[in-house]
Asks: 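I have a structure I would like to understand better, so I am pasting it below and will then ask my questions one at a time.
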Number of protein chains: 2
Amino acid sequence: MKKEKSTAEPHGKEKDIFNLNISVDCTIFGFHSGSLKVLLCKPSAGEKWMLPGGLITRDEIPDETARRILKAKTGLSDTYLKQFSFFGRKDKKKGEKENPEILSEISLAYFALIKSGDAQLVEDNDSEHIEWFEINNISDLHPEHKIIFETALSSLRKQIGFIPIGYELLPEKFTMPELRSIYEAILGRELDRRNFQRKMLSIGFIKALNETRKVGAHKSPNLYSFDKKKYEEAERLGIQLMSNNL
Amino acid sequence: MKKEKSTAEPHGKEKDIFNLNISVDCTIFGFHSGSLKVLLCKPSAGEKWMLPGGLITRDEIPDETARRILKAKTGLSDTYLKQFSFFGRKDKKKGEKENPEILSEISLAYFALIKSGDAQLVEDNDSEHIEWFEINNISDLHPEHKIIFETALSSLRKQIGFIPIGYELLPEKFTMPELRSIYEAILGRELDRRNFQRKMLSIGFIKALNETRKVGAHKSPNLYSFDKKKYEEAERLGIQLMSNNL
DNA sequence: GCAAAAGTGTTTGGCATACACCCATGG
DNA sequence: CCATGGGTGTATGCCAAACACTTTTGC
């Protein structure tokens, strides 16, 4: 927080202290059509794809800005949302060769996990196109946002044992292969089908339903759902859901 | 990053977009006299203790601000330094009942690991006192900074397997009990002396020297040092040094 | 019947934990 | 010679990893 007397400033350079531009950028993850997706928007044709984002307004704290952006693009309010990093950048202002103004900008980075089936994508005035991209097949993303996205994925990977990923990303009823494919996408490697299932069920948050879903020329997988009560009880105690190495 | 066209802003409210105050606050860890310490400063008598921090100047990105603060307080440059979080806050400005100005402030939080033996503590104009505090015995720390400090410690705990803690905090030669006491302080619990030693040596970054240090009425502990080459090789490959549960 | 993928069970090895024993030092 | 704490070795148990076998479904 800002102090009454700011410390460690170079002496006599108070005039150099100023307010920077701050934006909030959201990496919004969703799951559908069998794979993990990220939501990107394109301000106008010709420009590169970008993460949904915006500037902080005067009456907001960063969390509120992130919620506002999420709501504006997807219509959703109650989703998993977490700050994971921030990024600084320096730019020389054009047109001033002598004593060029150096402009610093800061991006506060959030990631969100949403049930993409519930989302109503909104193409507002500022973003002509808005679209889901398979996370291993992203094209033409703004380079700085690419770094943010990759950091988001890496951050999600580190926290994978602490977040009820499936609960946040999947609809009420889901199959074990669906759940597994999310973990595989996040970790970037295949997981043993049988060990995965045993582990997931052993935690106790996931209960089997007496239903199956026909998906192809093979045995129909069972449907499962999260036991929200048990999960919340564990969350209250701050327990790690599972080890990070599945 | 700020976009050319800012997205997701409420229409017609451009005037509400403004720049916030941003400070960088550093949780600086050191080790000496047998225990893990954190560096705090007191702007003036009567005020509470605070984490070293300062505002970002116009030509800086946050990393540079953090380095500047670290250098100003300790004289050190090449240390482990990592952003771990940011904090937002809302304050209603006093004295304006009608249409009260809401002031948002943001603190970007870093933690540093330094060899405290190399540090030259500097009491500059802005901080009358600067002092090491044993991390379990911190008195009268500014409440908001207390939250930042605790988040720093918690963040360090989560990353304990990825950082060569001892290399950053200890002098060239150190004993195994010293190394262990750092891990115990960070994790907040005792570790088995024998298992700890075996694990540390098994990683291969720590080599035994043919020297001991006399420290008391018992067997003199061996001295060890880090094999920097092997560590850098592993870091390059992005390998986790050790599991998180020692 | 066959391919494909789901459900269930078993074996194995490595690592965390716990503890026993010996060694060196100062008082 | 005893208290203290460092160094080395060993037993145990759990869990992750690997894999075998059966079941179900569409073609």
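Below, chains carry the letters A, B, ... as their sequence lines are ordered, and counting in each starts from 1. The figures that follow rest on heavy atoms only: side chains count, while hydrogens, waters and symmetry mates do not.
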Asks: Tell me every residue that passes side chain to side chain contact (heavy atoms under 4.5 Å, CB included) with Glu150(A), counting only those two or more places apart in sequence or in another chain.
Replies: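 Lys146(A).
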
Asks: Can you name the side chain to side chain contact (heavy atoms under 4.5 Å, CB included) partners of Lys71(B), sequence neighbours left out?
Replies: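 Here the qualifying residues are Ser77(B).
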
Asks: Can you list everything that forms a salt bridge (Lys or Arg N to Asp or Glu O under 4.0 Å) with Arg194(A)? Sequence neighbours excluded, please.
Replies: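 Once residues adjacent in sequence are excluded, the partners of Arg194(A) under the salt bridge (Lys or Arg N to Asp or Glu O under 4.0 Å) criterion are Asp192(A).
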
Asks: Within a radius of less than 6.0 Å around OH of Tyr167(B), do more than 12 heavy atoms belonging to other residues, nucleotides or ligands occur?
Replies: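 Check fails, neighbour count at 12 or below.
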
Asks: Work out how much the helix from dG1(C)-dC27(D) to dG27(C)-dC1(D) bends between its end axes, five pairs an end, to the nearest 10 degrees.
Replies: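 Roughly 0°, once rounded to the nearest ten degrees.
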
Asks: Round to a whole Å and report the spacing from CD of Glu178(B) to P of dG7(D).
Replies: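 Those two atoms, CD and P, are 11 Å apart.
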
Asks: Take the protein atom CZ of Phe196(A) and the nucleotide atom P of dG7(C), then report the distance between them rounded to whole Å.
Replies: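 After rounding, the reported distance stands at 12 Å.
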
Asks: Only counting residues at least two apart or in another chain, list the ones meeting salt bridge (Lys or Arg N to Asp or Glu O under 4.0 Å) with Glu190(A).
Replies: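 Per chain and number, Glu190(A) pairs via salt bridge (Lys or Arg N to Asp or Glu O under 4.0 Å) with no residue.
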
Asks: Nearest whole Å is fine: how far is dA17(D) P from Leu191(A) CG?
Replies: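 Rounded to the whole Å, the gap is 9 Å.
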
Asks: If you look only at pairs with a residue in residues 217-229 of chain A, which of them pass as a salt bridge (charged side-chain N to carboxylate O under 4.0 Å, His left out), with sequence neighbours excluded?
Replies: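 For residues 217-229 of chain A, and leaving out neighbouring residues, the salt bridge (charged side-chain N to carboxylate O under 4.0 Å, His left out) pairs sorted by first residue read Lys228(A)-Glu232(A).
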
Asks: How would you list, by chain and number, every residue that makes a salt bridge (Lys or Arg N to Asp or Glu O under 4.0 Å) with Lys214(B), sequence neighbours excluded?
Replies: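 Lys214(B): no salt bridge (Lys or Arg N to Asp or Glu O under 4.0 Å) contacts found.
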
Asks: Grab the CZ-P distance between Phe174(B) and dG6(D) for me, whole Å please.
Replies: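 So the two atoms are 15 Å apart, to the nearest Å.
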
Asks: Tabulate protein N/O versus nucleotide N/O from nucleotides 8-12 of chain D, keeping only pairs under 3.5 Å, one per line.
Replies:
unit_1	atom_1	unit_2	atom_2	d
dT10(D)	O4	Arg198(B)	NH2	3.1

Asks: Using OP1 and OP2 only, check whether a side-chain N or O of Lys199(B) sits under 4.0 Å from dA16(C).
Replies: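 Yes, such a contact exists.
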
Asks: Report the distance from atom OH of Tyr183(A) to atom C1' of dA17(D), rounded to the nearest whole Å.
Replies: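 Taking OH of Tyr183(A) and C1' of dA17(D), I get 19 Å after rounding.
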
Asks: Under a 4.0 Å heavy-atom cut-off, which of residues 206-221 of chain A touch DNA chain C?
Replies: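 Hits under 4.0 Å, by residue number: Ala217(A), His218(A), Lys219(A), Pro221(A).
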
Asks: Under the rule for side chain to side chain contact (heavy atoms under 4.5 Å, CB included), what residues qualify as partners of Lys158(B), not counting sequence neighbours?
Replies: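 Here the qualifying residues are Ser154(B).
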
Asks: Using whole Å, what does the distance between atom P of nucleotide dA16(C) and atom CE of Met200(B) come to?
Replies: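 In whole Å, dA16(C) P lies 11 Å from Met200(B) CE.
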
Asks: Residues in side chain to side chain contact (heavy atoms under 4.5 Å, CB included) with His218(A), at least two apart?
Replies: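 Partners of His218(A) by the side chain to side chain contact (heavy atoms under 4.5 Å, CB included) criterion, ordered by chain and then number, come out as Val215(A).
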
Asks: Tell me every residue that passes side chain to side chain donor-acceptor pair (under 3.5 Å) with Thr175(A), counting only those two or more places apart in sequence or in another chain.
Replies: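 Side chain to side chain donor-acceptor pair (under 3.5 Å) check on Thr175(A) returns nothing, list empty.
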
Asks: Take atom CZ of Arg189(B) and atom C1' of dA16(C), then tell me their distance rounded to the nearest Å.
Replies: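 These atoms are roughly 11 Å apart.
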
Asks: Indicate, with yes or no, if the rings of Phe111(B) and Phe149(B) have centres closer together than 6.0 Å.
Replies: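 No.
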
Asks: Round to a whole Å and report the spacing from CE of Met176(B) to P of dC23(C).
Replies: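 Going from CE in Met176(B) over to P in dC23(C) covers 21 Å.
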
